[in-house]
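Structure, as C-alpha cells:
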Amino acid sequence: MPSLRNVAAPYWGEFIGTLVLTVVGLGATAQSLTSTSVHKTEAISSSVAWGTGVTLGIWVTEHVSGGHINPAISLARLVFSGFSPRKLAGYVVAQTLGAFVGAFLVWLNFSASLADIKHLDPGLHPATGAFITSNHVWPGLINEITASFVFVLAVFAISDQTSQAKNIAPLALGLAFTAASLALSSPLQLALNPARDFGPRVFAAFLYGVNVFTDHSFYFWVPIVGPIIGAVLGGFVYEWLVKRDAEYQHQLEEGTA
C-alpha cells in the first residue's frame with residue numbers, strides 16, 4: 001500500500017516546479033520593473049527568463065509528476081494523453097499554490113524597490129506589473145490562444161516517445177516557451193499558463209487591492225481561458241493530425257499501411 005508521502009509526491013512536484021518557474025520568471029519581470037534604467041531588451045530578457053523557468057521547473061519535477069507545471073497542459077494531457085482525471089484538481093491546486101508562493105518569494109526579494117514605485121494615477125498600482133499580465137481583453141485572448149497553441153503543440157511533439165528531442169525535453173520546451181513569448185507578445189502581457197497569472201494575481205490582491213481582478217474589463221479571466229483553449233487546440237492538432245500522419249507515413253515506409 002503506497003504511503004501518504006508517495007501519494008502526495010506528484011502534487012508536491014507540481015507545487016515546487018511551478019514555484020521555481022514563477023520565482024525565475026516573476027523575478028526577472030520585477031527586476032525590469034524596478035530598474036532605474038529602461039532597456040529596449042527588456043522583453044527579450046524577460047522572455048528568456050520565463051523560458052529558463054520552464055526548463056528548470058520541468059527538470060525539477062518531470063521524474064516525479066511529469067513536469068506539467070501548467071493547468072492548461074494538465075488539461076490537455078487529460079484530454080489526449082490519458083492523464084488521470086482524479087489527479088487533475090490536485091495538480092491545478094498545487095500549481096496555483098506554487099505560483100502564489102513564488103510571487104511571495106519574489107515580493108520578499110524586491111519589496112523595498114516595489115514600495116518605491118509611486119502610484120500617481122487612478123487604476124492599477126504600477127507595481128502589480130511585477131506579478132500579473134495585462135492587456136485589452138480581445139487582443140489578449142487572441143494572443144493567449146495563439147501562443148499557447150504553438151507552445152503546447154511543441155510540448156506534445158517534444159515529449160512524444162518517438163521524438164529525437166525527448167532526451168533534452170526540458171531545454172527544448174524552455175526554448176519553445178521563449179520563442180512563443182517573443183514572437184507573439186510581451187511577458188508583461190502573456191501568461192501561457194493559468195497558474196502563472198492567477199496565483200500571483202491573488203497575492204497581488206492582498207498587496208494592492210481587488211482591482212487586480214476588475215481592471216481592464218475584468219481581464220483576469222483571459223490568462224485562464226486563453227491558455228486552456230490554446231492548449232486543447234495544440235494537443236488536438238498534434239495527436240489527430242501531425243502524429244497520425246507521421247504514423248501513416250512510417251507504415252508506408254515499412255509496407256504495412
Side-chain angles (χ1 to χ4, degrees), residues 11-35 42 46-47 49-50 52-54 56-57 60-61 68-74 89-119 121-135 137 140 144 148 177 181 185-228:
Y11 306 103
W12 275 115
E14 288 298 304
F15 172 85
I16 293 169
T18 311
L19 187 153
V20 169
L21 160 70
T22 308
V23 167
V24 175
L26 288 186
T29 304
Q31 186 177 36
S32 297
L33 185 67
T34 58
S35 176
E42 176 183 318
S46 293
S47 294
W50 278 107
T52 303
V54 168
L56 294 177
V60 167
T61 65
H68 295 188
I69 60 173
N70 184 335
I73 289 178
S74 295
Y91 267 48
V92 171
V93 170
Q95 291 155 355
T96 304
L97 287 175
F100 179 92
V101 175
F104 170 69
L105 294 177
V106 168
W107 175 78
L108 281 181
N109 194 64
F110 290 97
S111 57
S113 298
L114 291 170
D116 289 338
I117 298 176
K118 305 300 181 184
H119 187 198
D121 300 319
L124 278 180
H125 194 294
T128 59
F131 303 103
I132 67 174
T133 60
S134 182
N135 200 344
V137 169
E144 290 287 357
S148 296
F177 190 98
S181 177
S185 190
S186 159
L188 302 178
Q189 296 179 322
L190 197 62
L192 285 86
N193 183 335
R196 166 264 179 271
D197 186 85
F198 188 74
R201 192 177 292 269
V202 172
F203 178 76
F206 286 106
L207 296 179
Y208 306 110
V210 295
N211 61 338
V212 297
F213 290 99
T214 60
D215 199 69
H216 281 82
S217 302
F218 293 87
Y219 184 80
F220 80 93
W221 65 270
V222 172
I224 298 173
V225 175
I228 290 173

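Here the structure is a predicted model, which is why all the values come from computation and not from measurement.
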**OP:** Heavy atoms only: give me the nearest Gly57-Val20 pair and the separation to one decimal.
**Re:** N-CG1, 4.0 Å

**OP:** Drop me the distance from Leu207's CG to Ser111's OG, to the nearest 0.5 angstrom.
**Re:** 9.5 Å

Original post:
If you measure from CG on Leu190 to OG on Ser181, what distance do you get to the nearest 0.5 Å?
Top reply: 5.5 Å

Subject >> Listed partners of Thr22 passing side chain to side chain contact (heavy atoms under 4.5 Å, CB included), at least two apart >> reply: Thr18, Leu26, Ala99, Pro200

Subject >> Close side-chain approach of Thr133 to Tyr219, heavy-atom, < 4.5 Å >> reply: yes

Original post:
Can you check side-chain contact (heavy atoms from CB on, under 4.5 Å) on His125 and Asn211, steps first, answer last?
Top reply: CA-CA 9 Å; His125 194 294; Asn211 61 338; over 6 Å; no

**OP:** Calculate, to the nearest 0.5 Å, the distance between atoms CZ and CG belonging to Phe110 and Asp116 respectively.
**Re:** 13.0 Å

**OP:** Taking side chain to side chain contact (heavy atoms under 4.5 Å, CB included) as the test, write out the residues that go with Leu97, two or more places apart.
**Re:** Phe15, Val93

Original post:
Are any non-hydrogen side-chain atoms of Glu144 and Val222 less than 4.5 angstrom apart?
Top reply: yes

Subject >> Side chains of Ile132 and Phe220 in contact at under 4.5 Å (non-hydrogen atoms) >> reply: no

**OP:** Evaluate the side-chain proximity of Gln95 to Asn70: yes if any heavy-atom separation is below 4.5 Å, no if none is.
**Re:** no

Original post:
Between Trp50 and Phe177, what is the ring plane arrangement, given parallel below 30°, perpendicular above 60°, and tilted in between?
Top reply: tilted

Original post:
How are the rings of Tyr91 and Tyr11 set relative to one another: parallel (under 30°), tilted (30 to 60°) or perpendicular (over 60°)?
Top reply: perpendicular

Subject >> Donor-acceptor contact below 3.5 Å, side chain His119 vs main chain Gly123 >> reply: yes

Subject >> Flag side-chain contact, heavy atom, 4.5 Å: Trp107 against Leu114 >> reply: yes

Original post:
How are the rings of Phe206 and Phe100 set relative to one another: parallel (under 30°), tilted (30 to 60°) or perpendicular (over 60°)?
Top reply: perpendicular

Subject >> Within-4.5 Å side-chain heavy-atom neighbours: Leu19 and Leu21 >> reply: no

Subject >> Side chain to side chain, Pro227 and Asn193, heavy atoms closer than 4.5 Å >> reply: no

Subject >> Side-chain donor/acceptor of Glu14 to backbone N/O of Val92, under 3.5 Å >> reply: no

Subject >> Residue pairs passing the salt bridge (charged side-chain N to carboxylate O under 4.0 Å, His left out) test where at least one lies in residues 200-220, sequence neighbours excluded >> reply: Asp197-Arg201

**OP:** Answer with yes or no after comparing the ring centroid distance for Phe213 and Phe218 against a 6.0 Å cut-off, counting only values under it.
**Re:** no

Original post:
When rounded to the nearest 0.5 angstrom, what distance separates CZ in Arg196 from CD1 in Ile69?
Top reply: 12.5 Å

Original post:
Does Val24 reach the side chain of Leu56, with side-chain heavy atoms less than 4.5 Å apart?
Top reply: yes

